[in-house]
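Take a look at the structure set out below.
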Amino acid sequence: MADAQVLHPRAVRRHAAGPTDLVARLRGRTITAACRRGKYLWLVTECADAVLAHLGMSGQLLVSEPSVPAHKHLRARLVFADGGPELRFVDQRTFGGLSVEPLVGGQDPLPAPIRHIARDPMDPAFDLEAAVTSLRARRTELKRALLDQTLVSGIGNIYADEALWRARLHGARQTATLQHRAARAVLCAAGEVMAEALAQGGTSFDALYVNVNGNSGYFDRSLKAYGQADWPCARCGTPIRREPFMNRSSYSCPRCQPRPRNRKPNPLP
DNA sequence: ATTATGTCCTGCCAGC
DNA sequence: TGCTGGCAGGACATAA
């Protein structure tokens, strides 16, 4: 790598030693591998560390010829000594970022800050039965658990709603009272949704969601629940409902995914 | 210990 | 026309 540039300090806020240190650590390095777990990506260098990236919700990693004009929201770039394309980190809302992290662990090294991130359903070593057990051991609502990256990673608001729709479960169901087969169904559904979305190039609502070549995916056209408020359910025709969820929205079919009864725990005396 | 909530950020769009 | 407020949302710090 010939050079690294940071154009917005917030994009490297996770790098504790600061932008200057990050650049100094990267200059002259060679990238030897590209890895991913859940929503984290990292590029391994020959020095047993890695450039760790998270796209947040508006981040993009773009492979661009140096002659391509800089994007308005270009936050950082990696320039390579071979004269080939650059790697550009573009992020409108700056929830994402880059940092350089040591790789830790023997068999399957991970950047240190993401050791707590669970394997995702696309991972060949993903253990479905272990995830089912972990899910049912939680004491929370199902959708909250699906979004917990320490339990299963890679699931965000969109794929959580799609997985719940496929499994015909409401996100407010308690994890602790889920039958084993229901828990397995929703986790399998999550893996299937992610695989299908990947095959279609991802879920792109607008120009923010693109691959390294700047192209959008088409999975948004296959969404059955997320963003489909008032449209008929693809299974039963009932209008999809939108409900508030953690200052956001959840979408579900009122008929296929009935809201659970409010089973209050024992009322206090 | 586990679980829940507030916070960060910018651009877009509906409504007035 | 131009402003305001709501919305989008991943992960972490902090609180309970």
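None of these values were measured; they are calculated from a predicted model. We name chains A, B, ... by the order of the sequence lines, and we start the count at 1 in each one.
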Let me check something: any side-chain donor-acceptor pairs from residues 98-114 of chain A under 3.5 Å, sequence neighbours excluded? List them with distances.
{"unit_1": "Ser99(A)", "atom_1": "OG", "unit_2": "Glu101(A)", "atom_2": "OE2", "d": "2.7"}
{"unit_1": "Asp108(A)", "atom_1": "OD2", "unit_2": "Arg119(A)", "atom_2": "NH1", "d": "3.2"}
{"unit_1": "Asp108(A)", "atom_1": "OD2", "unit_2": "Arg119(A)", "atom_2": "NH2", "d": "3.0"}

key: Donor-acceptor side-chain pairing of Glu243(A) and His170(A) below 3.5 angstrom   = yes
Side-chain donor-acceptor pair present, Glu196(A), Ser222(A), cut-off under 3.5 Å = no
How close or far is atom [atom2] of [N] from atom [atom1] of [X], stated in whole angstroms?
X         : N       : atom1 : atom2 : result
Leu98(A)  : dG10(C) : CG    : P     : 18 Å
Asp148(A) : dA4(B)  : CG    : P     : 10 Å
Phe245(A) : dC7(C)  : CZ    : P     : 16 Å
Leu142(A) : dA4(B)  : CG    : P     : 13 Å
Ile158(A) : dG10(C) : CD1   : C1'   : 12 Å
Arg136(A) : dT2(B)  : CZ    : C1'   : 19 Å
His54(A)  : dA11(C) : NE2   : C1'   : 7 Å
His116(A) : dG10(C) : NE2   : P     : 15 Å

Partner set under ring pair (Phe, Tyr, Trp, His ring centres under 6.0 Å) for [X], not counting sequence neighbours:
X         : answer
His71(A)  : His73(A)
Tyr251(A) : Tyr226(A)
Tyr40(A)  : His54(A)
His15(A)  : none

Could you tell me whether the phosphate oxygens of [N], OP1 or OP2, come under 4.0 Å of any side-chain nitrogen or oxygen in [X]?
X         : N       : result
Arg138(A) : dT2(B)  : no
Tyr40(A)  : dC12(C) : yes
Arg242(A) : dA8(C)  : yes
Ser249(A) : dA8(C)  : yes

key: Pairs meeting criterion salt bridge (Lys or Arg N to Asp or Glu O under 4.0 Å) with involvement of residues 11-24 of chain A, two or more places apart   = Asp21(A)-Arg25(A)
inquiry  = Enumerate the salt bridge (Lys or Arg N to Asp or Glu O under 4.0 Å) contacts for residues 56-79 of chain A, please, sequence neighbours excluded, ordered by first and then second residue.
reply    = Arg77(A)-Glu86(A)
task = Would you name the heavy atoms of Glu141(A) and Gly171(A) that are closest together and state the gap between them?
result = CB-O, 3.6 Å
ask   = What do the steps show when you test Lys39(A) against Asp120(A) for salt bridge (charged side-chain N to carboxylate O under 4.0 Å, His left out), and what is the final call?
value = CA-CA 9 Å; Lys39(A) 302 166 188 170; Asp120(A) 58 74; over 6 Å; no
Could you go over nucleotides 5-10 of chain B and give all protein N or O partners under 3.5 Å, atom names and distances?
{"unit_1": "dT5(B)", "atom_1": "OP2", "unit_2": "Arg144(A)", "atom_2": "NH2", "d": "2.6"}

ask   = Which pairs with one or both residues in residues 143-156 of chain A pass side chain to side chain donor-acceptor pair (under 3.5 Å), sequence neighbours excluded?
value = Arg138(A)-Asp148(A), Lys143(A)-Asn157(A), Lys143(A)-Asp161(A), Lys143(A)-Ser250(A), Asp148(A)-Thr150(A)
Under 3.5 Å, N/O pairs linking protein and nucleotides 14-16 of chain C:
none

query = OG/Ser252(A) to CH2/Trp165(A) distance, rounded to the nearest 0.5 angstrom?
reply = 12.0 Å
key: From CG (Leu147(A)) to CG (Leu142(A)), nearest 0.5 Å   = 9.5 Å
Nucleotide N/O to protein N/O under 3.5 Å, stretch nucleotides 13-15 of chain B:
none

ask   = Taking five pairs at each end, how big is the angle between the two axes of the helix from dT2(B)-dA16(C) to dC16(B)-dG2(C), to 10°?
value = 50°
request  = Would you indicate which nucleotide in dA8(C), dG10(C), dA4(B) comes nearest to any side-chain atom of Thr140(A)?
outcome  = dA4(B)
